[in-house]
Enquirer: 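Pasting a structure below so you can have a look.
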Amino acid sequence: MKKHLLFVLTLLTACATTWAEDGSRLWLRYTELNKAKVTGPACTAADELHKYYSGPEARLVIDPTVADDEGYVVSGSTVRARTERGLLYGAYALLRGESGSSQPFYRLRILNHWDNLDGSVERGYAGRSIFWPDFNPQHVRDYARANASIGINGTVLNNVNASPKMLSPTNIAKVRQIADILRPYGIKVYLSVNFASPMGLGRLKTADPLNPQVRRWWKTKTAEIYKAIPDFGGYLVKANSEGQPGPGDYGRSHADGANMLAEAVAPYGGIIMWRSFVYGANHKGEDRVKQAVSEFLPCDGQFRDNVILQSKNGPLDFQPREPYAPIFDNIRHTPQMVELQITQEYLGQSRHLVYLAPMWREFFRFVAPGRLVGIAGVANIGNDTNWCGHHFSQANWYAFGRLAWNPTMKSEDIAREWLAATFSLTSGSSREALLSVMLRSREACVDYMMPLGLHHIFKFDHHYGPEPGGFIKSYPLEWCPVYYHQADKQGVGFDRTHTGSDATSQYREPYCSLYDNAATCPENLLLWFHHLPWTYRLGSGRTLWEELQFRYNRGVSEVEDFCQVWQSAKPVIDEQRWREVDERMQHQLDNAREWRDVCLKYFKEFAE
């Protein structure tokens with residue numbers, strides 16, 4: 001009897017161990033088999049296939065006829081590629097069950113970590129930094145493996161609001177150690193730099209980009225970095241934005257500042273990613289969404305060849321819905337890359353299930369992928385056990401990598417892949433129901449937060465929760481929610497037409513005319529471009545006020561349905577992850593109701 005009881009307990013423990021999941025394995029939930037015989041080069045790809053490939057053998061072949069350095073061809077159990085990096089991407093494709101040839105659309109597929117040297121993460125919702133002030137080598141290796149599996153080939157290790165201390169010898173030594181771990185997985189490291197670093201570290205009295213001492217300091221420091229990390233990628237720069245120092249402090253242009261740094265990294269093949277997120281003092285009275293074009297159009301064509309202008313997908317700041325940023329229409333002579341935000345600063349952070357691939361695919365409908373040289377994503381990664389805070393937030397990291405590799409992939413296909421890999425849901429009603437939740441989640445978020453083109457009505461600073469009446473006299477007006485919705489007894493919305501701020505004029509045709517006319521403006525952007533009467537009739541036949549009420553309520557109803565779907569999925573999801581997601585979804589529902597109730601109560605004061 002005792003032996004029988006012991007057997008049962010052992011079996012139950014084994015089952016519990018097998019079924020228990022904490023999310024730490026992300027979508028890489030392969031069983032470690034260690035049985036496949038792998039022939040070909042001894043490399044990271046061979047290690048992965050030996051450990052995880054379920055077939056008896058696999059072949060890795062270096063083939064110079066493959067079209068791209070990072071591309072691959074999978075045929076049966078054979079992977080062919082020009083380089084070991086291509087073999088690695090092909091090995092993960094084989095483990096996903098793919099066949100055929102593939103190559104990345106973008107050469108630059110980069111994560112931007114907003115991690116600070118003290119370990120905090122700006123706009124991070126999944127714990128502290130995995131890099132700073134210290135790092136666990138195995139954790140960084142797991143991070144590298146996850147990125148390689150979805151084709152990400154670069155990472156910026158620190159915040160764009162950078163400390164000059166980032167470039168100290170001690171921190172460069174840490175970056176070298178991290179780079180050594182990432183390199184076998186095809187990942188280059190980059191650093192965000194503070195433009196005033198020569199003053200903070202070099203004890204110079206200026207950071208003027210035309211000053212010979214300043215230029216010499218950057219060349220010396222850059223040489224120091226490349227000596228430690230020969231394949232270092234280059235610098236990411238936030239300059240003259242939100243209090244950060246920059247060339248404008250000395251009456252110099254963005255081209256002057258970027259070209260100084262570009263000159264320093266050029267001998268080593270490095271690049272400069274110069275962010276266009278610049279607004280404020282130089283543009284008093286100008287609509288904030290126009291300021292990037294005003295700031296950078298005069299510099300177009302003046303940048304060195306290894307400078308890339310990095311711009312957010314929308315003209316404001318990662319809102320749940322924005323039109324595409326018109327800077328992509330106006331900059332013609334400078335390479336550009338888009339910056340997407342994987343971390344959900346304005347989309348419920350790590351507390352809401354919001355799948356972002358549909359939002360990013362929406363951007364690519366307006367900005368052809370071929371107009372860009374790269375894609376950057378503000379990372380949602382921290383040292384939480386499940387990496388991203390919310391188990392479903394992992395899907396956004398995954399989707400970013402897959403779209404960086406192929407921006408024409410359908411949101412639905414990526415979500416199916418992720419559900420199969422992460423929850424072993426390859427078919428069935430639960431898979432289809434959860435797929436539907438993911439695909440509807442972004443639109444639901446827009447509905448319960450800011451429908452019809454409303455934008456930036458979040459609470460101050462942390463940007464979580466609604467505050468449509470937000471106004472602080474000591475703050476710049478463009479930081480205040482009331483600036484963006486302009487609600488009054490006459491109506492609501494920001495007039496950006498030719499009779500208002502004229503932001504529509506920055507768009508190419510047909511969008512300039514389309515957005516400028518309320519009758520042709522897409523209803524999901526109506527209040528972004530137009531201040532309209534509360535009685536204005538929409539396509540539904542409802543007045544503007546009635547339509548706002550309808551959409552806020554529809555958003556809440558959607559989340560109620562999401563919660564019911566998750567409840568019904570309990571039998572096919574492991575207990576821990578089901579419980580943790582359920583807790584988050586209940587909070588999301590409470591928060592969606594709060595958004596609806598606060599916003600409708602506020603706008604009712606004007607509308608009725």
Side-chain angles (χ1 to χ4, degrees), residues 24 110-144 147 154-182 187 189-203 207 221 224-225 228-229 232-246 273 275 277 317-318 339 341-346 349-351 376-390 393 397 460-464:
S24 60
I110 300 175
L111 288 183
N112 290 178
H113 286 266
W114 287 359
D115 295 20
N116 300 310
L117 294 177
D118 64 1
S120 61
V121 181
E122 183 176 338
R123 308 306 181 191
Y125 311 106
R128 294 176 64 77
S129 172
I130 65 170
F131 303 121
W132 311 106
D134 299 300
F135 64 90
N136 178 321
Q138 184 56 52
H139 202 184
V140 173
R141 191 169 291 107
D142 292 340
Y143 162 85
N147 281 325
T155 184
V156 182
L157 299 177
N158 65 308
N159 195 353
V160 290
N161 295 318
S163 166
K165 294 178 182 178
M166 184 67 250
L167 299 182
S168 71
T170 298
N171 286 322
I172 290 173
K174 287 185 180 179
V175 173
R176 178 186 61 77
Q177 293 172 335
I178 294 169
D180 288 345
I181 297 171
L182 300 182
I187 299 170
V189 297
Y190 301 77
L191 292 176
S192 294
V193 292
N194 185 296
F195 197 81
S197 293
M199 300 170 70
L201 285 182
R203 298 183 180 178
K221 178 57 68 174
E224 178 188 346
I225 294 172
I229 312 158
F232 178 70
Y235 299 134
L236 173 65
V237 188
K238 177 179 179 178
N240 289 126
S241 174
E242 299 182 322
Q244 292 297 307
M273 296 169 285
R275 295 177 85 237
F277 184 61
D317 191 14
F318 298 132
E339 178 179 302
Q341 193 182 56
I342 308 170
T343 194
Q344 298 165 225
E345 177 182 353
Y346 294 100
Q349 299 173 8
S350 67
R351 306 180 197 183
V378 181
N380 64 344
I381 297 158
N383 68 359
D384 278 4
T385 301
N386 68 13
W387 295 88
C388 300
H390 196 306
S393 294
W397 178 8
F460 285 102
D461 301 330
H462 55 72
H463 298 155
Y464 188 82

Enquirer: Cation-pi between R351 and Y464: NZ/CZ under 6.0 Å from ring centre and within 45° of the ring axis?
Expert: yes
Enquirer: Give the minimum heavy-atom separation between M166 and V175, together with the two atoms involved.
Expert: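 In terms of heavy atoms, the two residues are closest at CE-CG2, 3.7 Å.
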Enquirer: Do Y190 and L157 touch side chain to side chain, with heavy atoms closer than 4.5 Å?
Expert: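 Heavy-atom side-chain distance check fails, nothing below 4.5 Å.
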Enquirer: Run the numbers on Y346 and D317 for side chain to side chain donor-acceptor pair (under 3.5 Å), then give the verdict.
Expert: CA-CA 9 Å; Y346 294 100; D317 191 14; 2.6 Å; yes
Enquirer: Kindly assign one of parallel, tilted or perpendicular to the pair F131 and Y143, based on the angle between their ring planes and the thresholds 30° and 60°.
Expert: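 Perpendicular, since the angle between the ring planes exceeds 60°.
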Enquirer: I want to check something: taking the side chain as every heavy atom from C-beta on, are N380 and Y125 in contact at a cut-off of under 4.5 Å?
Expert: no
Enquirer: Can you name the nearest heavy-atom pair linking P164 to S197, along with the distance?
Expert: CA-OG, 3.7 Å
Enquirer: Going from CH2 on W114 to CD on E122, what distance comes out if it is rounded to the nearest 0.5 angstrom?
Expert: 6.0 Å
Enquirer: Show your reasoning for whether side chain to side chain donor-acceptor pair (under 3.5 Å) applies to S393 and Q344.
Expert: CA-CA 9 Å; S393 294; Q344 298 165 225; 3.1 Å; yes
Enquirer: Of all the heavy-atom pairs spanning P169 and K221, show the shortest one and how long it is.
Expert: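 So the two residues come closest at CD-NZ, 4.5 Å.
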Enquirer: Flag the pair F135 / Q177 as yes when at least one side-chain heavy-atom distance between them is below 4.5 Å, and no otherwise.
Expert: yes
Enquirer: Where do A379 and T343 come nearest, in terms of heavy atoms and distance?
Expert: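 Closest approach of A379 to T343: O-CB, 3.5 Å.
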Enquirer: With a 4.5 Å cut-off on side-chain heavy atoms, are N147 and W397 touching?
Expert: yes
Enquirer: Without swapping roles, check the side chain of N116 against the backbone of D118 for a donor-acceptor pair under 3.5 Å.
Expert: no
Enquirer: Do the non-hydrogen side-chain atoms of L191 and N158 ever get within less than 4.5 Å of each other?
Expert: yes
Enquirer: Run the numbers on I342 and L111 for side-chain contact (heavy atoms from CB on, under 4.5 Å), then give the verdict.
Expert: CA-CA 9 Å; I342 308 170; L111 288 183; 3.6 Å; yes
Enquirer: Under 4.5 Å between any side-chain heavy atoms of V140 and P137, yes or no?
Expert: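 They are not in contact (no side-chain heavy atoms under 4.5 Å apart), so the answer is no.
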Enquirer: Do the side chains of H113 and V156 get nearer than 4.5 Å, heavy atoms only?
Expert: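 The answer is no, as the side chains (C-beta and beyond) never meet within the 4.5 Å cut-off.
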Enquirer: Can you name the nearest heavy-atom pair linking Q349 to H462, along with the distance?
Expert: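 Closest approach of Q349 to H462, heavy atoms only: NE2-O, 2.9 Å.
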Enquirer: Check the pair R123 / V378 against side-chain contact (heavy atoms from CB on, under 4.5 Å), numbers first and verdict last.
Expert: CA-CA 9 Å; R123 308 306 181 191; V378 181; 5.9 Å; no
Enquirer: Just by modelled atom types, is the W387 backbone N or O under 3.5 Å from a matching donor or acceptor in the D384 side chain?
Expert: no
Enquirer: Going by distance alone, is a donor N or O of one side chain under 3.5 Å from an acceptor N or O of the other, for Q138 and D142?
Expert: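 A donor-acceptor contact under 3.5 Å links the two side chains.
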Enquirer: Would the distance check show the side chain of K165 and the main-chain N or O of N171 forming a donor-acceptor pair, the cut-off being under 3.5 Å?
Expert: no
Enquirer: Less than 4.5 Å apart, any side-chain heavy atom of V237 and any of M273?
Expert: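 Heavy-atom side-chain distance check fails, nothing below 4.5 Å.
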Enquirer: Quick check: closest heavy atoms across I187 and A144, and the distance to 0.1 Å?
Expert: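 Scanning both residues, the minimum pair turns out to be CD1-O, 3.6 Å.
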Enquirer: CZ of F277 to CZ of F318: how many Å apart, nearest 0.5 Å?
Expert: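 Between atom CZ of F277 and atom CZ of F318 there are 8.0 Å.
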Enquirer: Calculate, to the nearest 0.5 Å, the distance between atoms CG and CD1 belonging to L167 and I225 respectively.
Expert: 5.0 Å
Enquirer: How long is the gap from NE2 on H139 to CZ on R141, to the nearest 0.5 Å?
Expert: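 One gets 12.5 Å once the value is rounded to the nearest 0.5 Å.
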Enquirer: Tell me whether N386 contacts the main-chain N or O of G389 through its side chain, where contact means a donor paired with an acceptor under 3.5 Å.
Expert: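 Flag set: sc N386 to bb G389 pair under 3.5 Å.
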Enquirer: Donor-acceptor pair, distance only, cut-off 3.5 Å: does the side chain of S241 make one with the backbone of K238?
Expert: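 The answer is no, because no donor-acceptor pair under 3.5 Å joins these two groups.
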Enquirer: Measure the CG-NZ distance between L117 and K174 for me, rounded to the nearest 0.5 Å.
Expert: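 Here the rounded value is 8.0 Å.
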Enquirer: Does the distance from a Lys or Arg side-chain N to an Asp or Glu carboxylate O, for D115 and R128, drop under 4.0 Å?
Expert: no
